[in-house]
Amino acid sequence: MNAMLEPSVEMLPMAVRDVDDILRIEYEAYSHPWSRANFTDSIASGYSCWVCREGGELIGYFVLMLAVDEAHLLNISVVDRRRGLGFGARLLRHAMESARRGGAATLLLEVRPSNTEALALYRHFGFSQIGVRRAYYPAFQGREDALVLTRTLEENCA
C-alpha cells in the first residue's frame with residue numbers, strides 16, 4: 001500500500017468528547033467495564049489519559065495515575081477488531097513514557113490471570129509479577145484474582 005494512502009496514527013490526550021467511543025470499546029472488551037463516570041472523573045482528576053486514533057477512528061486508550069515516583073496503569077484497551085496489530089504495544093509504550101516523564105521510576109498494574117493476551121504483552125515489555133490481589137476483579141461467578149506486575153522505567157521505555 002502506498003504510504004501516502006495509509007491512515008495516520010495519533011496519540012492524543014483523552015477528552016470528555018471521546019468517552020462515548022471509549023465506552024463502546026470498554027463494553028466490548030470487559031465483562032465488568034468502567035462507567036462513564038470512571039473516565040470523566042479520571043480526566044477531571046488530571047490523570048494521564050490518552051487515546052490512540054487511526055485516520056480519526058478511536059482504536060484504543062489508557063488511563064494512568066501518577067503518585068510521587070510510581071505510576072499505576074488503571075485501564076488500557078484496544079478495539080477488538082484491531083487487536084494483535086501493535087496498537088496495544090503502542091499504547092503501553094506511550095503509557096510507560098508518560099509515566100517516566102511524570103517522574104515515575106516504576107509502573108504498576110493489575111491484570112486478570114485469564115487475560116493471556118495482555119499478560120504476554122506485559123511480559124514482552126519486561127513486566128514481572130510481584131504479587132496477587134485475591135478476589136480483586138468481579139467475575140460472572142464469584143471473583144477473579146489480579147496478578148500485580150511492575151516494571152522499572154528507564155530513560156527510553158521502547
Got a sec, which residues hit side-chain hydrogen bond (donor to acceptor under 3.5 Å, both in side chains) with [X], two or more places apart in sequence or on another chain?
X	value
Arg90	none
Asp41	none
Arg17	none
Ser48	Trp50

Any [X] side-chain heavy atom under 4.5 Å of [Y] side chain:
X	Y	value
Leu64	His72	no
Met96	Phe127	yes
Tyr61	Ile76	no
Arg83	Ser77	yes

Non-neighbouring partners of [X] that pass side-chain contact (heavy atoms from CB on, under 4.5 Å), sequence neighbours left out:
X	answer
Val16	Thr40, Ile43
Asn38	Trp34, Ser35
Ala95	Phe62, Leu73
Ala44	none

Salt bridge (charged side-chain N to carboxylate O under 4.0 Å, His left out) pairs, two or more places apart, involving [range]:
range	answer
residues 107-125	Glu110-Arg133, Arg112-Glu144
residues 58-77	none
residues 25-37	Asp20-Arg36

task: In plain terms, say whether Arg100 and Glu154 are close enough for a salt bridge, that is, a side-chain N and a carboxylate O under 4.0 Å apart.
output: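 Looking at Glu154 together with Arg100, the answer is no, because their closest N to O distance does not fall below 4.0 Å.
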
- prompt: Is there a path of hydrophobic side-chain contacts, each under 4.5 Å between heavy atoms of I, L, V, M, F, W or Y residues, that connects Tyr122 with Tyr136?
  reply: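 Looking at the clustering, Tyr136 is in a separate group from Tyr122.
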
Cluster overlap Leu153 with Leu92, hydrophobic side-chain contacts below 4.5 Å: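 Yes.
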
message: Restricting to ring-ring contact (aromatic ring centres under 6.0 Å, His included), what partner residues turn up for Tyr137, sequence neighbours left out?
response: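 Listed in chain order: nothing, the list is empty.
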
- request: Could you check Val148, Leu121, Leu147, Thr116 and say which one makes a side chain to side chain contact (heavy atoms under 4.5 Å, CB included) with Val111?
  value: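 That would be Leu147.
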
- prompt: Which class fits the ring pair His32 and Phe140: parallel under 30°, tilted 30 to 60°, perpendicular over 60°?
  reply: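 Answer is tilted, since the angle falls between 30° and 60°.
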
- prompt: Roughly how far, to the nearest 0.5 Å, is CE of Met65 from CG of Leu108?
  reply: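 CE of Met65 is found 9.0 Å from CG of Leu108.
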
- request: May I ask you to decide if Ala135's main-chain N or O and Asp145's side chain share a donor-acceptor pair within less than 3.5 Å?
  value: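 Flag set: sc Asp145 to bb Ala135 pair under 3.5 Å.
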
